[in-house]
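Sequence positions, counted from 1, serve as the residue numbers for this chain. Indexing begins at 1, ligand by ligand and atom by atom, following the structure's order.
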Amino acid sequence: MPYRLGSAARAEGHRLHVHETLGSTNTEAMAQARAGETGPLWVVTHRQEAGRGRRGNSWASLPGNLAASVLWPIAGVAPDHLAELGFVAGLALIEALEATCGTLPDTGSGSAARSLQLKWPNDVLLGGAKLAGLLLEAETLPGGRRAAVIGFGVNVAAAPDGLAAMSLAAAGYAGGAEALLEHLSDRMAAQARAWDRGRNFADLRAAWLARAAGLGTEIAVRSGGHILRGVFETIDEGGRLVILAPDGNRHTVTAGEVHFGTAATAA
Ligand SMILES: O=C(O)CCCC[C@@H]1SC[C@@H]2NC(=O)N[C@@H]21
């Protein structure tokens with residue numbers, strides 16, 4: 001089955017470039033922006049050879065997994081609302097996963113849909129293990145125009161060995177990544193419309209919190225060389241993680257890596 005976009009995305013003017021092999025779909029989408037593209041433009045590859053993750057990590061895209069990026073138009077988005085696009089994308093992805101795999105066997109905590117959760121800032125977990133990661137990158141282009149690219153890496157067919165990772169196939173999904181892209185492009189169009197360039201993050205925040213992993217539990221967050229421990233209270237109106245420390249102080253975290261549980265070392 002070839003990759004294609006969903007009908008709602010196509011109706012809203014989204015376009016798709018499909019490659020056999022690329023280094024990184026995020027890099028290619030940003031290159032398209034530098035060449036004058038404004039988006040929404042989806043870039044997908046069957047084989048990604050130099051996938052990038054957050055915090056400078058590499059991302060292994062095994063055969064059959066989804067490696068896709070979208071160049072998203074951000075004209076009219078105030079710079080302090082840009083990070084919200086990651087939450088738009090996370091919600092779109094979890095909804096797309098539910099639409100694609102709604103019939104997955106129960107993985108232990110109720111329906112498959114319920115065992116899909118969002119991990120701050122924007123990973124997707126399945127049964128508590130990492131199923132997908134998102135990489136949001138923004139750049140000011142020559143001439144002053146800003147561009148944003150969101151990359152989606154989803155373990156559809158296989159998860160890398162040795163990591164606490166999960167694949168859709170291991171959970172019983174027998175389909176391909178193509179169906180997921182169709183749903184994802186449609187859900188991204190719908191969630192972005194609801195977000196309204198940051199004018200309506202409140203609804204999105206509520207929807208995100210309803211699916212948040214570890215809310216109200218002990219976590220450790222590694223951020224800027226520090227480790228913060230406490231209870232994951234909420235995300236604030238800017239999408240920052242709010243943690244209540246044992247001394248009663250509240251901390252907000254803009255970027256970091258979350259580990260769950262009281263024994264979390266965040267090492
Ligand atoms: O969890 C993370 O660290 C984010 C991983 C993001 C990986 C995707 S795969 C498609 C896109 N292209 C990249 O080079 N990275 C993202």
Side-chain angles (χ1 to χ4, degrees), residues 3 5 16-34 37 39-72 83 85-94 96-97 116-126 128-139 147-168 176-178 180-181 183-185 188 208 212-214 221-223 239 241 254-260 266:
Y3 276 116
L5 299 178
L16 172 65
H17 289 181
V18 181
H19 294 257
E20 200 49 49
T21 306
L22 273 180
S24 156
T25 54
N26 262 44
T27 303
E28 169 60 19
M30 199 55 93
Q32 291 291 326
R34 279 189 222 107
E37 280 285 354
L41 172 70
W42 292 84
V43 175
V44 182
T45 188
H46 290 281
R47 281 195 311 152
Q48 180 170 253
E49 296 183 326
R52 294 185 286 107
R54 289 196 301 273
R55 299 178 298 278
N57 293 328
S58 60
W59 177 263
S61 296
L62 301 175
N65 288 354
L66 181 67
S69 299
V70 62
L71 169 64
W72 199 260
L85 200 47
F87 296 87
V88 174
L91 265 178
L93 178 56
I94 203 167
L97 285 161
L116 280 165
Q117 288 185 301
L118 289 161
K119 181 183 174 195
W120 188 88
N122 37 39
D123 286 345
V124 176
L125 307 181
L126 176 58
K130 183 157 171 170
L131 175 71
L134 269 67
L135 179 64
L136 169 63
E137 296 182 306
E139 217 177 278
V149 169
I150 308 141
F152 302 83
V154 185
N155 299 329
V156 176
D161 284 339
L163 298 174
M166 177 71 176
S167 70
L168 291 179
E178 297 85 351
L180 179 58
L181 181 74
H183 287 296
L184 177 59
S185 55
M188 189 65 202
W208 194 95
V221 190
R222 185 148 98 148
S223 172
L241 181 123
T254 309
E257 190 179 351
V258 171
H259 295 253
F260 297 122

Discussion item. Does any part of the side chain of Leu97, heavy atoms only, come nearer than 4.5 Å to the side chain of Val154, both counted from C-beta?
Written reply: yes

Discussion item. What I want to find out is whether Glu257 reaches Arg54 closely enough, with some N-O distance under 4.0 Å, to be called a salt bridge.
Written reply: no

Discussion item. Tell me every residue that passes ring pair (Phe, Tyr, Trp, His ring centres under 6.0 Å) with His46, counting only those two or more places apart in sequence or in another chain.
Written reply: Tyr3

Item to complete: Taking all non-hydrogen atoms of both residues into account, name the closest pair between Gly90 and Leu134 and its distance.
Response: N-CD2, 3.5 Å

For ligand 1, what N or O to protein N or O distances fall under 3.5 Å?
{"residue": "ligand 1", "atom": "1 (O)", "partner": "Lys130", "partner atom": "NZ", "Å": "2.5"}
{"residue": "ligand 1", "atom": "3 (O)", "partner": "Arg54", "partner atom": "N", "Å": "2.7"}
{"residue": "ligand 1", "atom": "12 (N)", "partner": "Thr25", "partner atom": "OG1", "Å": "3.0"}
{"residue": "ligand 1", "atom": "12 (N)", "partner": "Gln48", "partner atom": "OE1", "Å": "3.0"}
{"residue": "ligand 1", "atom": "14 (O)", "partner": "Ser24", "partner atom": "OG", "Å": "2.7"}
{"residue": "ligand 1", "atom": "14 (O)", "partner": "Arg52", "partner atom": "N", "Å": "2.7"}
{"residue": "ligand 1", "atom": "15 (N)", "partner": "Arg52", "partner atom": "O", "Å": "2.7"}

Discussion item. For Ser167, give me all partners under side chain to side chain donor-acceptor pair (under 3.5 Å), at least two apart in sequence or on another chain.
Written reply: none

Worksheet item: In chain order, what residues pass the salt bridge (charged side-chain N to carboxylate O under 4.0 Å, His left out) check against Lys119, with sequence neighbours excluded?
Response: none

